[in-house]
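Reviewing the structure listed below.
Lettering follows sequence order; numbering is per chain, from 1. We use all heavy atoms of the structure for the numbers below, so side chains are in, but hydrogens, waters and symmetry mates are not. No experiment lies behind these values; they were computed from the predicted model shown.
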Amino acid sequence: MNYPNPSHRDPQPAWWLLAIIAGFECAVFALDLLTPAGAAAHILYFLPIVFAVRQSWPNAVLYIAALASVFAIFTHLNAPAGSSTFIAVFNRGIGIFTIWCVAFLVRQVIVTRNDIERQGWLRGTQTELGVAVRGELSVEEFAERALGFLAERLGAKVGALYVREDDGNRLVRAAGYAFDARQSAMPASYRFGEGLVGQVAIEGRPMQVDDVPAGYLSISSGLGAARPCCLLLAPLTAEGEIRGIVELGFLGAAPAVAGPLLLKVSEMLGMGIQTAQYQRRLAELLAESQQQAEELQAQQEELSALNEELEQQNRALKESQVRLENQQAELEQSNQRLEEQTRSLERQKRELLQAQHELQNKTGELERASRYKSEFLANMSHELRTPLNSALILSKLLAENRPGNLTEEQIKYAETIYTAGNDLLTLINDVLDLAKVEAGRLEVSPEPFALTQLLGALEQTFQPLARDKGLSFQVVVDADIPSEVTSDRKRLEQVLKNFLANAFKFTEKGHITLRAYRDGERLALSVEDTGIGIPDEQQEAVFEPFHQGDGSISRRFGGTGLGLSISRELAQLLGGEISVQSTPGEGSTFTLFLPLTPSERVPAPVRAEAELVDETAGADVAPTSTAAVSFSFEDDREQAGTPGRRILIVEDDEAFAKILLDLAREMGFQGLVAPTAEEAQALIVRHAPSAIVLDIRLPDHSGLALLEQLKSDPASRHIPVHVVSVEDFAATARRMGAVGYMLKPVKRDALVQAFEALQQRLEQTLKRVLVVEDDPAQRESIVSLIAGEDVQIESVASAEEALERLSSNVYDCMVMDLSLPAMSGYELLAELSKTDSPYSYPPVIVYTGRDLSREEEERLRRYSSSIIVKGARSPERLLSEVTLFLHRVETELPPERQKMLRELRSREEVLEGARLLLVDDDVRNLFALTSALEPHGAIIEIARNGREALLKLDTAPDIDLVLMDIMMPEMNGYEAMRAIRAQERFRKLPIIALTAKAMRDDQDSCLEAGASDYLAKPIELDRLLSLLRVWLSSRRSF
Amino acid sequence: MDAERIFEIELELLVEAIYQRYQYDFRQYSRHSLRRRLARAQEQFQCRSLSQLQERLLREPALFPRLLDYLTVPTTELFRDPAYFLALRRHVVPYLRTYPSVKIWVAGCSTGEEAYSLAIVLAEEGLLDKTVLYATDINPRSIETARQGIYRADAVREASGNYRAAGGRGSLADYYSAAYDSVRFDPALARNVVFADHSLATDAVFAEVHLVSCRNVLIYFDRSLQDRAFSLFHDALVRQGFLGLGAKETVLLSDHKDQFEVISQDARIFRKR
């Protein structure tokens, strides 16, 4: 059946058909006019009326009939005369009557036909709507579809569908058609009786509003808006109850079929809404009951777990009860024994207390006596020294024999008096010291100082003596002792001098060694000789005052015998102790142990120092205004100079600045002088100096802050900076990129040297990089990574070699591994960062293969601001860090290297020809990985579990890398990796573990089991490729 | 603020603390169950509040394995719900037989009884040799127990009835040797079983499997975590692979209902479409 199109849903006149009919009627009229009266031409007037049945406007038939009647009458009056007038009148009368009868009949036919068509359309539309809303739909989907269908079919331009909430009296908007919720301020829900929507709900009848006032909701599109003319609201009911309201808005009048259609589908849509609501409720109830069922099950499980637990506890309780009973019996027995013992112990204790009391009394007496003695000695020594002093001076004068009136003999006497007096003075001094110590009057004043300096001084003092006696004398300092110790330098020196004096005294031939080394948490300073030695039974006695190893010794060697006892007392005062080891005839070793802990002065961590910098910067902010600091002399800023020969001197002390300026000119530089950091910055921007000499304490900002700024700005990063300051920030400044550091006061020579270094630096266009890495393949790969035309790379395999290079050369940057043979990376860094280290200290990049603990990282941060842990992205980072330190502007790099810096990932050639062993039992993974890796040129071997992997490695030992799954049957990944690592030849074989675990400690267990690296599933190809690149790049090393 | 509300806050903080400190993710576990279990743990560890328990947990790593025993409910028995195993024999085993090799994932295996039950079924069906069984759980102590395969004798004897109801063809005693109060399962049963640590809340799919048996685990999860688990299972399963759930669990009310069809509603066996 063919339903009318929505645009023709109302009977409309078919104008073309009516025009034809009218034309036809006129033709009949003309014919009728021409034919004589009596000819029944007017019969033909029927025809247009009959034709009119083809169109659908009922009243048109009546109009045609009326026109025909008029025509018939008119022609009758005007027709040419024919037959009898009466017959003609009669005929026409009958004709007109019949025309009207037919006309009414035809009209009835049209009306009926229209009605049938409309009914048919309504039925069809209803069926179609039924189809449109069929299926299991949610309430919203249902409303959406129903509304859409109705609006489309009725030509409504806007619409909304409200649904009644379960059983309440609320209507909620469930769907809108061309409904602009932003534009309309209307609520999304209505109560019954609220607004038109609510009113329709109460009345249960459709409602039509024809003249919608302005300002009512408008129909909007992207181009504009218009307000609807007519609104139609209709209820949707189910079993007589309102389930929803549909509201439609039309631009013109609402079509007549709209009302009947809405009435017709009301029940159907109402039922539909109800069904959808029921279904929703049902689903909710189902989910709820499922949750309750789960909850119940969980409770049940917990209950049975609890039960199990209780049973276990019960069993344990019973066991422990039996055990307790046994123990109690044992306890009772032992209790009795204990009581007896307690009684006897108490008796002993009483006796002991008594004895102790007596001892205390005795000790007190002794102490008093000893103090009296010491005080007496101290006083006596002083009294003795005064007259002795004059005796010494006078005997010296005598011995010089200025008047020349003494005989040889007399001069000798005088010299003897002088020597004897001197000996006496030494004795008295020793007695005095000892007495002071014993009387508790000697004080130590600890302060930090460089141990190496002290040892150097000692070496200088004793070396001539050693030459005289033909002994070899050596000072040996171990690397792991701190550069600075905090102690009383004078007392420490006294003790060591004493050791050395003794050693030289008692050694006739052989060697003497002064050694500084670390003994756990203590610093040990030992003097070893090959002298006469001390027998065991005498070793304690040598520390007694006035005692020497053998009574005869003092006669042979001289000396007071007080030195060692003083030394022991001093050592105690310094918080340490002295030990002696000796074999008679072979030699002795005296060792002074000092605590390291209070004197261990490590440089503060980076953060603390950074704060320090800030503080200095903050504290120093312009105490004197910038204008106030201006010098009386002129510098060279106004001269047109050669680029590359300008040196900027940042120094607020006028005199020193002038010295530096003169020196700079002397050396052929043009000097610029800035008294403040601010001016320095301005000068750097304006004149682009090629080197800078920088003071730290400046009136406005800290020099360190300026240094930091210089080094963080790409434009000034390359300028070498030499720091001259009164404060010791050497390590910090060096780390920040200063090429040198000098402590004020500075000797002229040192300044000249510094300028020379700067000059050399300026002339040197090649950048020098030192690579310290023990693995040859890694070393090679690093070298090739950072190689460039203007870079000279030197690579060494150990820290010792590195130190050797650093003592003679200056480098722009050092790349180092941490784990080096013999001396570790840490030790190397510690050695370099010592204040008075003889080595140059370039910026350091630590490039390490292992994960660092927090502590390790903190330790490293002191020496190097860039630590790179080898991994997927490490080559890129290494290149960028090296670039930073080499002061190379990125654009100066060769183009292909630039490309690498941007995107190193395109390097896939490393996979070409690499043999990978893929150990996984999951076919899907095997397939995915194989098809991903083979196109890159990798050769894939496959093993399905750990055992197969081991077999594969046996038969094909030239595997470059293993990808190891963890969860596998027979032998899992952990076991397999352990088994592989147990074989010496596979110690270095890279193994990448693949696991589905996401937990952090799982990574640790993989690495513990021997994995070189770790990748979590699901595997991202990019990450896998990066990892492979990293591990394969070193494959030539095993 | 009432005590209950404070307890709730503490509970949220505690599970967050556990996640950050130990990377065990209980944040999406069902709150009802967590509440009961943590209340009990608090009592057992003699803590005044969950906050105190949290403080101890953060500082005493030794405490965590013990708490884990409270958080993971180790209730399981051999051939629990015999109908499930019977249905496996009838509806699933015939399909498994068609694969050249079979992989099965027992997710949340607890102390391993379920894995051994399945291994026995597979042995009797002649499938054990070509099957790899992954038995995973988050509690390392449970996994260790499972790996040893030693259980209390009376519990195993009680399971004999279930074994027969599950279609057992011989005697359960054929599969273990008893000594003292314990029995030890034949190590041959566990030869192809991979016991491993795996968390449905944080970890990813590790293999392609033909059957996932995850029973009475999802009841402790909230809806979103259940959906995560279902999506893991869906990813792990081959097309037409099977999913076995606990007696009160269903995939039909989850977001994944369209991806599975029902094989046996009573035994809760589903199949990936």
Side-chain angles (χ1 to χ4, degrees), chain A residues 283-313 315 920-928 944-946 965-974 994-1003 1005 1016-1020, chain B residues 22-25 30 32-33 36-37 40 44 69-70 72-77 101 103 105 110 131-134 136 138 152 155 181 191-199 201-209 216 218-223 226 232 235-236 238 246-250 252-254:
Chain A
E284 282 167 4
L285 286 173
L286 257 177
E288 206 173 303
S289 82
Q290 171 64 21
Q291 226 157 28
Q292 279 169 359
E294 285 176 7
E295 168 69 12
L296 212 68
Q297 181 75 13
Q299 285 193 23
Q300 207 177 322
E301 299 233 331
E302 282 165 35
L303 215 66
S304 69
L306 197 65
N307 197 26
E308 173 74 10
E309 198 184 307
L310 285 176
E311 270 177 31
Q312 229 160 23
Q313 281 177 359
R315 276 197 296 276
D920 198 329
D921 65 326
D922 193 45
V923 190
R924 195 164 50 167
N925 268 342
L926 288 177
F927 175 73
R944 296 276 307 269
N945 59 45
D965 187 28
I966 296 301
M967 283 163 73
M968 288 182 300
E970 286 196 58
M971 183 189 254
N972 69 27
Y974 297 128
L994 310 172
T995 133
K997 292 292 301 162
M999 273 172 19
R1000 239 175 290 161
D1001 50 350
D1002 191 57
Q1003 184 174 359
S1005 25
K1017 288 183 180 181
I1019 293 167
E1020 287 169 34
Chain B
Y22 300 102
Q23 287 85 50
Y24 275 82
D25 193 351
S30 148
H32 295 286
S33 174
R36 286 190 298 271
R37 284 179 280 160
R40 172 136 182 80
Q44 288 295 303
D69 286 345
Y70 284 98
T72 59
V73 180
T75 300
T76 177
E77 57 188 275
S101 70
K103 286 201 201 162
W105 177 14
S110 191
T131 302
V132 173
L133 249 161
Y134 298 95
T136 65
I138 57 167
R152 276 199 302 115
D181 281 343
R191 206 180 55 225
N192 285 344
V193 183
V194 179
F195 291 102
D197 179 351
H198 184 278
S199 159
T202 57
D203 299 339
V205 169
F206 53 85
E208 185 176 45
V209 298
N216 299 314
L218 302 179
I219 48 174
Y220 300 109
F221 293 177
D222 72 7
R223 267 299 294 274
Q226 285 183 359
L232 281 186
D235 290 348
V238 298
K248 293 286 164 11
E249 295 161 334
T250 180
L252 293 180
L253 289 172
S254 76

Which atoms of A/E302 come close to chain B, meaning under 4.5 Å heavy atom to heavy atom: side chain ones, backbone ones, both, or neither? both
Quick check: does any side chain N or O of A/Q290 sit under 3.5 Å from a backbone N or O of B/K248, one acting as donor and the other as acceptor? yes
Side chain, backbone, both or neither: which part of B/Q44 has an atom under 4.5 Å from a heavy atom of chain A? side chain
Let me know if B/F195 has heavy atoms under 4.5 Å from chain A in its side chain, its backbone, both or neither. neither
Side chains of A/E309 and B/D69: closer than 4.5 Å at any heavy-atom pair? no
Contacting region of B/S33 [heavy-atom separation from chain A under 4.5 Å]: both
Less than 4.5 Å to any heavy atom of chain A: does that hold for the side chain of B/T136, its backbone, both, or neither? side chain
Against chain B, label A/E311 side chain, backbone, both or neither, depending on which of its atoms sit under 4.5 Å from a heavy atom there. side chain
Please classify the contact of B/V205 with chain A as side chain, backbone, both or neither, using a heavy-atom distance under 4.5 Å. both
Do the side chains of B/Q226 and A/E294 get nearer than 4.5 Å, heavy atoms only? yes
Taking C-beta and beyond as the side chain, do A/Q297 and B/N216 meet within less than 4.5 Å on heavy atoms? yes
Contact origin within A/D921 toward chain B - heavy atom pairs under 4.5 Å: both
Residue pair B/R36 / A/Q299, side-chain heavy-atom distance below 4.5 Å: yes
Need one label for A/Q313: side chain, backbone, both or neither, based on atoms under 4.5 Å from any heavy atom in chain B. side chain
With side-chain contact (heavy atoms from CB on, under 4.5 Å) as the criterion, how do A/Q291 and B/H32 come out once you've worked through the C-alpha distance, each side chain's angles and the decisive distance to 0.1 Å? CA-CA 11 Å; A/Q291 226 157 28; B/H32 295 286; over 6 Å; no
Highest number of heavy-atom pairs under 4.5 Å with chain A: which of B/T250, B/L252, B/T76, B/N192? B/T250
Check whether A/I966 gets within reach of chain B through its side chain, its backbone, both or neither, counting any heavy atom under 4.5 Å. neither
